[in-house]
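Just so you know, residue 1 is the first one in the sequence shown, and it goes up from there. As the structure lists them, so they are numbered: ligands from 1, and atoms in each ligand from 1.
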Amino acid sequence: MTDNNTTQPGPQVILDSSATPGIKASGLRRYFGAVRAVDGVTFSAPQGAVTALIGPNGSGKTTLLLILAGLLEPDSGAAEVAGHDVVNENREVRSAVGWMPDVFGTWDALTCREILTTFGKAYGLNQEQAKSRAHDLLKYLYLSEFTNQPARVLSRGQKQRLGLARALVHDPQVLLLDEPASGLDPRSRIELRQILRQLAQEGKTVLVSSHVLSELEEVYDTAVFLSQGRTVDVNRVQTPTSAERGWRLDALDPVSLRVFLEHSDIPFTAGPGGSEVVVQLAGYDSAIQLIKAAVAASVPLHTVAPVSGRLEEAYLALNEERA
Ligand SMILES: Nc1ncnc2c1ncn2[C@@H]1O[C@H](COP(=O)(O)OP(=O)(O)OP(=O)(O)O)[C@@H](O)[C@H]1O
Ligand SMILES: [Mg+2]
């Protein structure tokens, strides 16, 4: 056999280290009495990437993240985080994970630096290391001016950032962030996105939940969809590739809009917010036709807009599936 054989064109196996799963879950279940909070979750989240965990309220995102953080035992199924089993290697999982809960309960009387140094020491840093880490993180998250202020003076968004700093204290391999952007102003959201990107570039596994899709649209690499405690087959909720795409419609009188669509034989699904509905249209011409017909039928239409973004398309397909 010559060396040439190894350079022949043909199928190649490309070993991509970024595809190493930082998180692997298989058949996870966790019930609370009759409530099936997590009811068969199977997915993997690659290392070096931001994975969006998407699902409506009550779909099991927080419960799943708690299991992956090693803070809640699953009833059945298995999960590995940074190569460790969440149940049998709980201690290793906890030290590999940076967990940011959706509501950050601070010790309000302690200063920001004291909170971070306390956590640093709990993760094995000595006093000097913990202090220097706290200093760096407060700077990184634009909280330096609050270093010696008690946490109670922080605004909600500033507390969120302190929560992220706390999650990063021990330089964890895997980040589990539950609605991290909630309460952040637009600039802080952009900064958060930059931080998430940077963490992924450093090779960390980032799993971030949200139901506000615009927050994740620009930052995610892969997405996991949850619906009623279950992972939804992503292939079934990918953005449609046909010429048709979703358009959101809303009217001052939503009932008249729905009646109009039914009479016109235009299928629709409930949109994510309030009274709006989503229809599939082939393009602007179809949208204009629809507007003309709706106005002629005296429907007080006030919104006709294409659904924006891949995640939103996929999310709406998910809603459709539930309908
Ligand atoms: N400790 C608990 N005891 C009883 N039921 C619970 C508990 N925790 C969660 N649940 C239920 O499990 C389901 C999933 O809740 P979970 O908090 O995981 O959803 P979520 O996707 O995070 O929702 P949200 O977007 O509102 O944060 C809900 O029906 C919830 O009421
Ligand atoms: Mg939640």
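Around atom 23 (O) of ligand 1, the closest heavy atom drawn from Ser182, Ser227, Gly58, Ala34 belongs to Gly58.
Annotation: protein N, O or S atoms under 2.8 Å of the Mg ion (ligand 2) (waters excluded) comprise Thr62 OG1.
Residue contacts with ligand 1: Ser59 is included, with a non-hydrogen atom under 4.0 Å away.
Each ring pair (Phe, Tyr, Trp, His ring centres under 6.0 Å) pair with one or both residues in residues 32-58, not counting sequence neighbours, would appear here, but there are none. Sorted by first and then second residue, the salt bridge (Lys or Arg N to Asp or Glu O under 4.0 Å) pairs involving residues 173-201 (not counting sequence neighbours) are Arg187-Glu191, Arg189-Glu215, Arg193-Glu218, Arg197-Asp221.
Counting heavy atoms under 4.0 Å from ligand 1, residue Ser209 does not touch it at all. Of the heavy atoms in Thr63, both backbone and side-chain atoms come closer than 4.0 Å to ligand 1.
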Lys204 and Asp171: salt bridge (charged side-chain N to carboxylate O under 4.0 Å, His left out), yes or no, with the steps? CA-CA 9 Å; Lys204 299 193 188 303; Asp171 194 23; 2.9 Å; yes
Could you walk me through whether Thr42 and Thr231 pass the side chain to side chain donor-acceptor pair (under 3.5 Å) test, one step at a time? CA-CA 6 Å; Thr42 300; Thr231 27; 5.0 Å; no
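Among residues two or more places apart in sequence or in another chain, the ring pair (Phe, Tyr, Trp, His ring centres under 6.0 Å) test is passed with Tyr123 by His170.
By the 4.0 Å N-to-carboxylate-O rule, Asp75 lies too far from Arg29 to be salt-bridged with it.
On a distance-only criterion, Gly60 and ligand 1 share at least one N/O pair closer than 3.5 Å.
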